[in-house]
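Each chain gets a letter, A, B and so on, in the order the sequences are listed, and its residues count up from 1.
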Amino acid sequence: MLNVLLFAALPYVSVVLFLLVSIQRYRRDPFTFSSLSSQFLETKELFWGSVPFHLGILTLFFGHLVGFLFPRGMTLWNGVPIRLFLLESTALAAALLTLFGLGALIVRRAAAPRLRVVTSAADILVYVLLLFEIGTGLWVAITLRWGSAWYTQTVVPYLWSLVRFQPEIQLMVDLKLPAQIHVVGAWVLLGVFSFTRLVHALVAPVPYLWRPNQLVVWNRPRGAAKR
Amino acid sequence: MDVRAQVSMVFHLDKCIGCHTCSIACKNIWTDRKGAEYMWWNNVETKPGTGFPTAWEDQEKYKGGWEKNGDKLEVRAVGKVRGAMTVFHNPNLPTIDDYYEPFTYSYQDLFDAKEGADQPIARPISMITGKEMEIEAGPNWDDDLGGSPVYAVNDPNLAHVSPEERSALFEVQKLVFFYLPRICNHCVNPTCVAACPSGALYKRGEDGIVLLSQERCRAWRFCVTACPYKKVYFNWGTGKSEKCILCYPRLETGQAPACFHSCVGRIRYFGIVLYDAEKIEETLAADEKDLVTAQRRMILDPKDPEVIAAAKRAGITDDVIASAQKSPVYKWVVEWGLALPLHAEHRTLPMLFYVPPLLPVMAANGEQGYDTTIAGGSGDEKGPRDTTVGFLGAIDKYRLPLQYMASLFGAGNEGVVRYALRKQLAVRTYRRAVTVGDVSLDDATRLLAEADTTVEEAEAIYYLTSIAPADDRFVIPPMHREQAIEMLDEPLAAKGFAGMGFRKKPERGS
Amino acid sequence: MRPALLWILPPLLLSAPLSAQAPTSAAAPAAPSTVPAATTATAAAPAAPPQAQEQSPAEDLFARKCGSCHTVGKGVRVGPDLKDVAKRRSRAWLELFVKTPSALLDSDPDARNLLAEFKGVRMPDLGLSDAESRMLVDLVIRCSTEPCNLAGRFVAATTATPRDRAVGRELFLGLAPMKAGGAPCVSCHTVRGSKGLLGGGRLAKDLTNVFARLGDEGLDTALKSPAFPLMNKVYAVHPLEASEAFALRAFLYEANLGGEPARDDSWSVSLAGGIGSLAVLVGLNFAWGRRLRGVRQPLTRRRENGKEHLS
């Protein structure tokens, strides 16, 4: 029963919450979509936190995503020891960077009185969940080594079974404990995602890279002249 | 010809008395809020000095403005690629410590303190943490050359001044300064708009006011770095950037912006100019020394029939064109060539122009101290005098070195600054001849001719400088809000497109 | 910034040609040189094991559907030994249970006792027809008294050639892909002497002595339709072929005989990861070398320090 709750019900609840709340929040309250950067109040320690954390977590996120989308490709990739070595050590380096960055961010926030003023309960929740996720992720990587090899055989089919609305929770139930709580932690993180400042990831300014420099907004149609 | 209208401003620095009334007017209306306490959308700086935030002109550090790479203009530090790479930590972002930590005092302690041997005192309290703090800086920490050995000597514009002149500048007997009030320049080519990753910053098409949509801002902070004038401020409370809105709600009801309206010295002029958007690229491509004149060429003559026809084609209404024809800004900037943009070398095409100050009028005259005669010489000689010396004479011996002024107002080009100063000097000498009479009208008119002006123009300059009432100083174009899309659309739906567009209290998200 | 990107890029770049790669990834340049080239080329098509005695349709059905968990007279495996089961239960009960175990497992007291006895391992519904279940019950009754061939086309691992073992080794290490796309064994298992995948994964047991533990037949069943948690799910969608199972048995038989102990190379990854993250941090500090560390405070402090120096 608990397994059904954690591995079948929780994912759907989380995904629905993530989608509905994000969209509704964006429509109703776009003002709250912000990275809420605190660099203006403290910049020196932020460097050691923000940069490694973001680089690390983006690498990890896209690593998981690639495995989810191309499981067979990843299995083939891992067939050769040197490539497995590259993938696993890159992932481990990214995880260590993320942990280092997150640790620096937490220490920074706790230490600077100015930052405590701009720290909300949701921020603390985010820190706790992220720390949990990275901690369990490292636990998995070290005790159940070559996660990139078995991830595509166990977790990925489980994820796709969720996509097909035929959850095969047995895949999760039979997995070892560290991996199980890592997965549950991920669902919880996804569930609270849209209630926290994490939403800034959804509005990452990718179009900036190709949009024209100047932006002119007309309050009324411009007559016959071209825009 | 793609004619566009742009609200534009002139500050006459000779008239500024440094009273900060403009700053207070602005603060009371717009930035008296949590997270905005430290912001001064309008501030008045002492020059030489490091200004606000400290050393904002030092682009080696802050990396604001545009950078010309061959034919291409790029946002200096936070352009597309470099910006994307540094989004997680902006290496050139000033922090609150480069402005100042906003503070108040524990006034209540004066009333609530228990009876004791000592007088109760009000201690400084941080407006960020609410705890007691040590005040290290304020918005005008170097006002009137306060702390010169720390601040004024580090004025980045002094880099262009010779060491002798620089040391002379800080001799007690020769100390000299003037005030520089600054607001957002509402540039034609704003770097902040170009650098905003989420497209929150934009230029209003009808009047060129640069605004920042609070709902679109995502606190990527590029704008703060990109603006070479450091006139976009980051609200640490709401996690959004904010900037001068040129009091557009006042403008739309026909009132001058608060800082203009409250100006005690009446140094501010407001009007609309028409410019040719097709000439922007050509203007931006100009050499640094030609930037000021190129920018003037971009501005169109509102009385030229061709311009009027093109303006009408572009949808600019007759009353706006009429307003442009009366614009005092057009006179100061284009007709008379007296007003100059601040730091044009950043290529943002700022639309706030400054009449460089003539004060203090007494020129340094080498070892002999100061020549106290009006136009040079002993005063009773016949014939032409040497107008390069004297009380109102020596521009080249001007106490504020010309290179320094050129660094501020001429993008390094001394010519445009010298022209503006000579013309002002000529007008002043002419008026002296008319009202006091200790200079002959002949000398005065000759000076006028040498300064490329005429009696009529001198009278007009004199009128706008000294006499003009508010209606002549502030020629506010009709903003035609009745035609804005909001009128045609569901009001709440369209409101987010223009201005700050708040529909609720701006509170920090989670 | 740039060093960080470089660190991330190589795997991404290298992954590009992956999709275009033929299934015989052993042809990749990084393949260990210990594998003879000749076997590499044939890895995808292991030699078919020699044919055994023919099976009747009922025997074949048993081998496919029941054999992984049950024997008839050869002992308890995952489920009970079915010898003489007809003497313990009624024929109707048996037919119903074979067809739809789920109908009885929760309600019938006998079935519940069995479930408890076998540690809660539930027999799955096999989707058999009435005729098939009757056929199977008949078979079990017959085989309780006379010899049957229920093990399928079983060929003992001891008969394997060195080439079979080499093929098994490649399959085990993932140097050659499984035909149905199953994961190579090393993803989760280690085995003595294996060098592929840096010694193998740690999600499941070490397989060095699995041949001894399960026996040749048990291993065959475990490979073709494993009853182990997780593994059964993973290989349900990507089942092994008989020839692949044979090759793997051959390899595991050899592994059981001895050799070097299983390698543990995970320290090298930990080391590389640690060094990598440190290198990135150093690189970042270098790339952000000219970041602002305050403007006003250094300016005023420089002056204050200067004063102290002068006085």
Side-chain angles (χ1 to χ4, degrees), chain A residues 43-44 47-48 51-52 55-56 58-59 62-63 66 70-101 141-154 157-158 168 170-176 179, chain C residues 4 7-8 10-11 14-15 18-19 21 23 25-26 28 30-32 173-177 181-184 186-188 195-198 200-204 228-234 237-238 265-266 268-281 284-285 288 291-294:
Chain A
T43 183
K44 287 178 198 166
F47 168 76
W48 292 108
V51 181
L55 287 181
L58 283 177
T59 309
F62 284 110
V66 166
F70 312 105
R72 206 179 150 84
M74 204 177 225
T75 303
L76 285 176
W77 166 269
N78 279 336
V80 179
I82 184 67
R83 293 197 298 212
L84 175 88
F85 173 82
L86 255 177
L87 182 62
E88 282 285 336
S89 49
T90 306
L92 187 67
L96 292 174
L97 277 178
T98 315
L99 187 69
F100 177 87
I142 289 162
T143 60
L144 304 176
R145 75 180 186 207
W146 312 165
S148 65
W150 52 258
Y151 164 70
T152 54
Q153 306 300 325
T154 54
Y158 160 70
E168 286 181 32
Q170 203 56 37
L171 281 167
M172 281 297 110
V173 175
D174 294 339
L175 210 53
K176 298 255 168 93
Chain C
W7 176 246
I8 297 160
L14 286 170
S15 70
L18 225 176
S19 52
Q21 203 155 15
S25 66
L173 299 182
L175 300 176
V186 270
S187 299
C188 308
K195 290 191 175 131
L197 223 58
L198 310 171
R202 278 276 158 74
L203 189 66
F228 309 106
L230 204 58
M231 191 167 164
N232 56 354
K233 285 281 175 186
V234 170
V237 258
H238 310 293
D265 283 346
S266 53
S268 65
V269 171
S270 303
L271 187 71
I275 292 174
S277 57
L278 276 178
V280 172
L281 281 179
L284 290 176
N285 190 34
W288 265 258
R291 63 186 182 271
L292 275 186
R293 293 168 168 93

Least distance between heavy atoms, A:Leu92 atom then C:Gly273 atom: CD2-CA, 4.0 Å
A:Trp150 and C:Val234, any side-chain heavy atoms less than 4.5 Å apart: no
Nearest heavy-atom neighbours spanning C:Leu292 and A:Thr43: O-CG2, 4.3 Å
4.5 Å side-chain heavy-atom contact, C:Val269 and A:Trp146: yes
Pairing residues for A:Thr154 by the side chain to side chain donor-acceptor pair (under 3.5 Å) criterion, not counting sequence neighbours: none
Contact winner vs chain C - A:Gln170, A:Met172, A:Glu168, heavy-atom pairs under 4.5 Å: A:Gln170
Flag side-chain contact, heavy atom, 4.5 Å: C:Leu278 against A:Leu96: no
Non-hydrogen atoms of A:Ala93 and C:Ser277 that approach each other most closely: O-CB, 3.5 Å
Where A:Leu144 and C:Leu203 come nearest, the two heavy atoms and their spacing: CD1-CD1, 3.8 Å
Proximal component of A:Phe70, with respect to chain C [non-hydrogen, under 4.5 Å]: neither
Closest contact, heavy atoms only, A:Lys44 versus C:Arg293: CE-O, 3.7 Å
Atom group of A:Ser148 that falls short of 4.5 Å from chain C, counting heavy atoms: neither
Chain C contact via A:Tyr151 - side chain, backbone, both or neither, heavy atoms under 4.5 Å: neither
Sub-4.5 Å side-chain heavy-atom contact between A:Pro52 and C:Val280: no
Validation row: A:Trp48, C:Asn285 side chains within 4.5 angstrom (heavy atoms): yes
Set of side chain to side chain donor-acceptor pair (under 3.5 Å) partners for A:Thr152, sequence neighbours left out: A:Thr75
